[in-house]
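Below, all heavy atoms of this structure are taken into account, side chains as well, without hydrogens, waters or symmetry copies. No experiment lies behind these values; they were computed from the predicted model shown.
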Amino acid sequence: MSNRSVCREASHAGSWYSASGSQLSAQLDGWLSQAQTSKRPARAIIAPHAGYTYCGSCAAHAYKQVDPSVTRRVFILGPSHHVALSRCALSTVDIYRTPLYDLHVDQKVYGELWKTGMFERMSLQTDEDEHSIEMHLPYTAKAMERYNVVFHIACHKDDLTIVPVLVGALSESKEQEFGKVFSKYLADPTNLFVISSDFCHWGQRFRYTYYDESQGEIYRSIENLDKMGMSIIEQLDPVQFSNYLKKYHNTICGRHPIGVLLNAATELQKNGVNMSFSFLNYAQSSQCRSWQDSSVSYAAGALVVH
């Protein structure tokens, strides 16, 4: 048996974000410097996964709540865009490359998850085609840097591990089951959960054109629809969130990772854990005013355990 590590390349670097480590680092620092620290230390965040030119500034509001002195392990739950998946899938690699530094998969936790019999494996091809996890890796690497005050340099943490999970089109009962599995990890203050999701994809190219004229312009209707869903997420109510999706069919691509988080949080609340979720930023890729327009919405928020 070879002991060589299997690596997943940063396949979207150079197109969805800069492939230059120094340029990327400076961009991320710039966006983070514009965001406020208000919900720290975050135990979980929801953040978008579009190209950084569209959502980099929005995502910073979530990542600003991450405390690298507390967090040791980062779970990244991203929706599957390209393959049909009815469960959750684990990666086959050891290392995820980023232009900043390599991130190591936590094989101990992967072993524990695999033993549940609830997970499948994704191929390297599926892993590298998918952007929903990758778009969080540079931000994770940046947020987990510790600054060496003496030498004024950024040091990454050698003990940091990641747990990438590709989330399929789960039924409500499966979201509940996976929520239970992840709840014990969410209970651990050294873990951070990154929930990868954009919000409304509006326009004919997305086959979604819900419009409530009472809100005024189309983009206002979209914002109202998104914020309705966001306020349900803030209540940490998985049943109400499912009902909202059934009623409005809002095209929130990370609805299943969000559902898993809400169920994990509900499980902990049953055991007397006190927590709160707050959204900190909302943005749209453009403002839709006519039926020919299209946009994608982005939201950033954080879960804090009290």
### Pairs where residues 74-99 contributes a residue and the test salt bridge (charged side-chain N to carboxylate O under 4.0 Å, His left out) is met, not counting sequence neighbours
Glu9-Arg97, Arg87-Glu120, Arg97-Asp102
### Message
Is a donor from one side chain sitting under 3.5 angstrom from an acceptor on the other, for Tyr210 and Ser221?
### Response
no
### Query
To the nearest 0.5 Å, how far apart are OH in Tyr219 and SG in Cys288?
10.5 Å
### Note, Ser132 side chain near Leu166 side chain (heavy atom, < 4.5 Å)
yes
### Query
Taking a hydrophobic cluster as the set of Ile, Leu, Val, Met, Phe, Trp and Tyr residues connected by side-chain heavy atoms closer than 4.5 Å, whether directly or through intermediates, do Val273 and Ile45 fall within one such cluster?
yes
### Task
Provide the closest heavy-atom pair for Ile233 versus Leu262 in the form atom of the first, atom of the second, distance.
O-CD2, 3.8 Å
### Summary
Sorted by chain and number, sequence neighbours left out, ring pair (Phe, Tyr, Trp, His ring centres under 6.0 Å) with Phe277 holds for Phe279
### Message
Does atom OH (Tyr54) have a neighbourhood of more than 12 heavy atoms from anything else shown, all under 6.0 Å?
### Response
no
#### Entry: Hphob cluster co-occupancy, Leu113 + Phe193, side-chain heavy atoms under 4.5 angstrom
yes
### From Tyr208 atom OH to Leu225 atom CG, the distance as rounded to the nearest 0.5 Å
4.5 Å
### Task
Using the side chain to side chain donor-acceptor pair (under 3.5 Å) rule, take Ser297 and Tyr282 through it: C-alpha gap first, then chi angles, then the decisive distance, then the call.
CA-CA 7 Å; Ser297 309; Tyr282 175 79; 3.2 Å; yes
### Message
Using the rule given for side-chain contact (heavy atoms from CB on, under 4.5 Å), can you reason through Arg43 versus Leu186, listing the C-alpha separation, both sets of side-chain angles and the distance that settles it, and then say yes or no?
### Response
CA-CA 7 Å; Arg43 187 74 56 91; Leu186 185 63; 3.7 Å; yes
### Query
Would the Tyr298 and Phe199 ring centres measure less than 6.0 Å apart?
no
### Atom of Ser80, atom of Leu85 and distance for their closest heavy-atom approach
CB-CD2, 4.2 Å
### Query
What distance do Ile162 atom CD1 and Met144 atom CE have between them, rounded to the nearest 0.5 Å?
11.5 Å
### Task
Give, for atom CD of Gln27 and atom CH2 of Trp31, the distance between the pair rounded to the nearest 0.5 Å.
4.5 Å
## Note on the structure
Residues at least two apart in sequence or cross-chain that pass side-chain hydrogen bond (donor to acceptor under 3.5 Å, both in side chains) with Ser57, listed by chain then number, are none
### Query
Is there a side-chain contact between Leu103 and Leu160 (heavy atoms, below 4.5 Å)?
yes
### Message
Determine whether Met275 and Leu236 satisfy the following criterion, side-chain contact (heavy atoms from CB on, under 4.5 Å), listing intermediate values before the conclusion.
### Response
CA-CA 9 Å; Met275 56 182 80; Leu236 297 172; 3.8 Å; yes
### Query
Would the Tyr17 and Tyr139 ring centres measure less than 6.0 Å apart?
no
### Results of ring pair (Phe, Tyr, Trp, His ring centres under 6.0 Å) for Trp114 - residues two or more places apart only
none
### Message
I want to check something: taking the side chain as every heavy atom from C-beta on, are Leu192 and Arg73 in contact at a cut-off of under 4.5 Å?
### Response
no
### Query
Applying the 4.5 Å side-chain criterion to the ILVMFWY set and letting contacts propagate, would Val239 and Met230 be lumped into a single cluster?
no
### Query
For the atom pair OG (Ser295) and CD (Gln284), what is the distance rounded to the nearest 0.5 Å?
5.0 Å
#### Entry: Any donor-acceptor pair under 3.5 Å from Ser197 side chain to Gly254 backbone
yes
### Side chain to side chain, Gln240 and Gln235, heavy atoms closer than 4.5 Å
yes
### Task
Give every residue pair that meets the side chain to side chain donor-acceptor pair (under 3.5 Å) criterion with at least one member in residues 176-185, sequence neighbours excluded.
Glu112-Tyr185
### Exercise: identify the closest heavy-atom pair between Leu245 and Asn250
CD2-O, 3.8 Å
#### Entry: Pairing residues for Lys227 by the salt bridge (Lys or Arg N to Asp or Glu O under 4.0 Å) criterion, not counting sequence neighbours
Glu223
### Task
Identify, with sequence neighbours excluded, every residue that meets salt bridge (Lys or Arg N to Asp or Glu O under 4.0 Å) alongside Lys247.
none
### Message
Please list all pairs meeting salt bridge (charged side-chain N to carboxylate O under 4.0 Å, His left out) that have one or both residues in residues 265-284, counting only residues at least two apart or in different chains.
### Response
Glu267-Lys270
### Task
Establish whether Ile232 and Ile222 are linked, either directly or via other cluster members, by ILVMFWY side-chain heavy-atom contacts under 4.5 Å.
yes
### Message
Here's a test for you: under side-chain contact (heavy atoms from CB on, under 4.5 Å), which of Pro79, Pro257, Cys88 qualifies with Leu170?
### Response
Cys88
### Contacts of Asp226 that satisfy salt bridge (Lys or Arg N to Asp or Glu O under 4.0 Å) - sequence neighbours left out
none
### Query
Could you walk me through whether Gln65 and Ser38 pass the side-chain contact (heavy atoms from CB on, under 4.5 Å) check?
CA-CA 7 Å; Gln65 316 315 318; Ser38 55; 4.0 Å; yes
### Task
State, without any angle test, whether Tyr63 and His136 hold a side-chain donor-acceptor pair at a distance under 3.5 Å.
yes
### Query
With hydrophobic residues grouped by side-chain heavy-atom distances under 4.5 Å, do Val304 and Val74 end up in a single group?
no
### Side chains of Arg121 and Thr92, donor plus acceptor under 3.5 Å
no
## Note on the structure
Hits for side-chain hydrogen bond (donor to acceptor under 3.5 Å, both in side chains) against His306, two or more places apart or cross-chain, chain-then-number order -> Ser276
### Message
Centre-to-centre under 6.0 Å for His81 and His49, is that the case here?
### Response
yes
### Shortest non-hydrogen separation from Glu175 to Gly259 and the atoms involved
OE1-CA, 3.5 Å
### Listed partners of Arg207 passing side-chain hydrogen bond (donor to acceptor under 3.5 Å, both in side chains), at least two apart
none
### Query
For Arg40, which residues count as a salt bridge (Lys or Arg N to Asp or Glu O under 4.0 Å) partner, sequence neighbours excluded?
none
### Task
For Ile258 and Ile252, work out which heavy atoms get closest and say how close.
CD1-CG2, 4.0 Å
### Side-chain heavy-atom pair Ser25, Leu100 within 4.5 angstrom cut-off
yes
### Query
Please walk me through it: do Thr209 and Trp291 pass side-chain contact (heavy atoms from CB on, under 4.5 Å)?
CA-CA 8 Å; Thr209 50; Trp291 295 103; 3.6 Å; yes
### Task
Enter the distance from Glu134:CD to Ile76:CD1 here, rounded to the nearest 0.5 Å.
10.5 Å
### Message
Between Leu90 and Met122, is there a side-chain heavy-atom distance shorter than 4.5 Å?
### Response
no
### Task
Provide the closest heavy-atom pair for Pro189 versus Val70 in the form atom of the first, atom of the second, distance.
O-CG1, 3.2 Å
### Task
Establish, from distance only, whether the side-chain atoms of Ser18 and Gln23 form a donor-acceptor pair under 3.5 Å.
yes
#### Entry: Glu145 with Lys142: basic N within carboxylate O range, under 4.0 Å
yes
